[in-house]
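Input: a single structure, listed below in structure tokens.
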Amino acid sequence: DAKTTQPTSMDCAEGRAANLPCNHSTISGNEYVYWYRQIHSQGPQYIIHGLKNNETNEMASLIITEDRKSSTLILPHATLRDTAVYYCIATDKLIFGTGTRLQVFP
Amino acid sequence: NAGVTQTPKFQVLKTGQSMTLQCAQDMNHEYMSWYRQDPGMGLRLIHYSVGAGITDQGEVPNGYNVSRSTTEDFPLRLLSAAPSQTSVYFCASWEGDARLPVKTYEQYFGPGTRLTVT
């Protein structure tokens with residue numbers, strides 16, 4: 001199972017892009033990279049996933065390196081409502097780590 | 001659609017008591033799962049199901065039972081509550097193909113049940 005490493009916490013100014021990194025150097029060829037977030041004590045919310053190509057949806061963009069050993073979640077214009085814990089998952093085994101706590105400040 | 005619903009929202013049990021946490025989804029998803037989240041920690045998988053009548057263990061299954069008699073419902077039973085089971089419990093559902101290995105995919109989570117065992 002691919003283990004992920006994320007910074008414990010990050011800050012971002014409102015309106016700026018938030019770039020959240022994730023290292024998954026042991027990912028295997030058929031494992032997707034998924035990102036979820038958890039706002040306060042609510043249930044986690046799916047954001048985006050990808051395999052090899054970069055992906056974009058209405059919430060975020062996902063950039064995956066060519067060797068697939070790391071990825072970056074980009075929130076292009078962070079708002080205060082984006083303050084949450086962000087989880088990167090790179091396994092089929094439904095394993096959530098401790099994530100990155102993103103604080104967006106005014 | 002109501003999505004994924006969980007009841008109760010809060011529960012206090014005494015050590016040794018048993019209870020069932022309810023989870024229901026109205027999206028006709030094949031896959032459902034139960035997680036627990038301890039303070040300051042990530043989610044840990046307890047049990048999951050790939051369809052009615054099919055369940056499997058996750059990371060931390062001890063002390064919990066599940067069954068899946070219908071597509072919609074996936075109850076979690078605590079057999080004999082212990083203080084170590086004090087946690088927030090989340091249920092999730094998502095689409096999947098039972099012929100393929102389980103994938104995370106786009107999981108929809110319920111609002112959680114906050115359980116305290118004294």
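Reckoned from all heavy atoms, side chains included, excluding hydrogens, waters and symmetry mates. All values reported here derive from a predicted model rather than from experimental measurement.
Val88(B) and Met41(B) end up in different hydrophobic clusters when Ile, Leu, Val, Met, Phe, Trp and Tyr side chains are linked at under 4.5 Å.
Applying the ring pair (Phe, Tyr, Trp, His ring centres under 6.0 Å) test to residues at least two apart or on different chains, the pairs with a partner in residues 43-91 of chain A are Tyr32(A)-His49(A), Tyr34(A)-His49(A), Tyr36(A)-Tyr46(A), Tyr46(A)-His49(A), Tyr87(A)-Phe96(A). The stretch residues 32-52 of chain A participates, sequence neighbours left out, in these salt bridge (charged side-chain N to carboxylate O under 4.0 Å, His left out) pairs: Arg37(A)-Asp82(A).
For chain A, no part of Gln6(B) is nearby; none of its heavy atoms comes within less than 4.5 Å.
Proximity of Pro44(A) to Leu43(B): side-chain heavy atoms (C-beta onward) are separated by under 4.5 Å at one or more points.
Between atom CD1 of residue Ile47(A) and atom CD of residue Glu106(B) there is a gap of 11.0 Å, rounded to the nearest 0.5 Å.
More than 12 heavy atoms of other residues, nucleotides or ligands sit less than 6.0 Å from atom CZ of Arg114(B).
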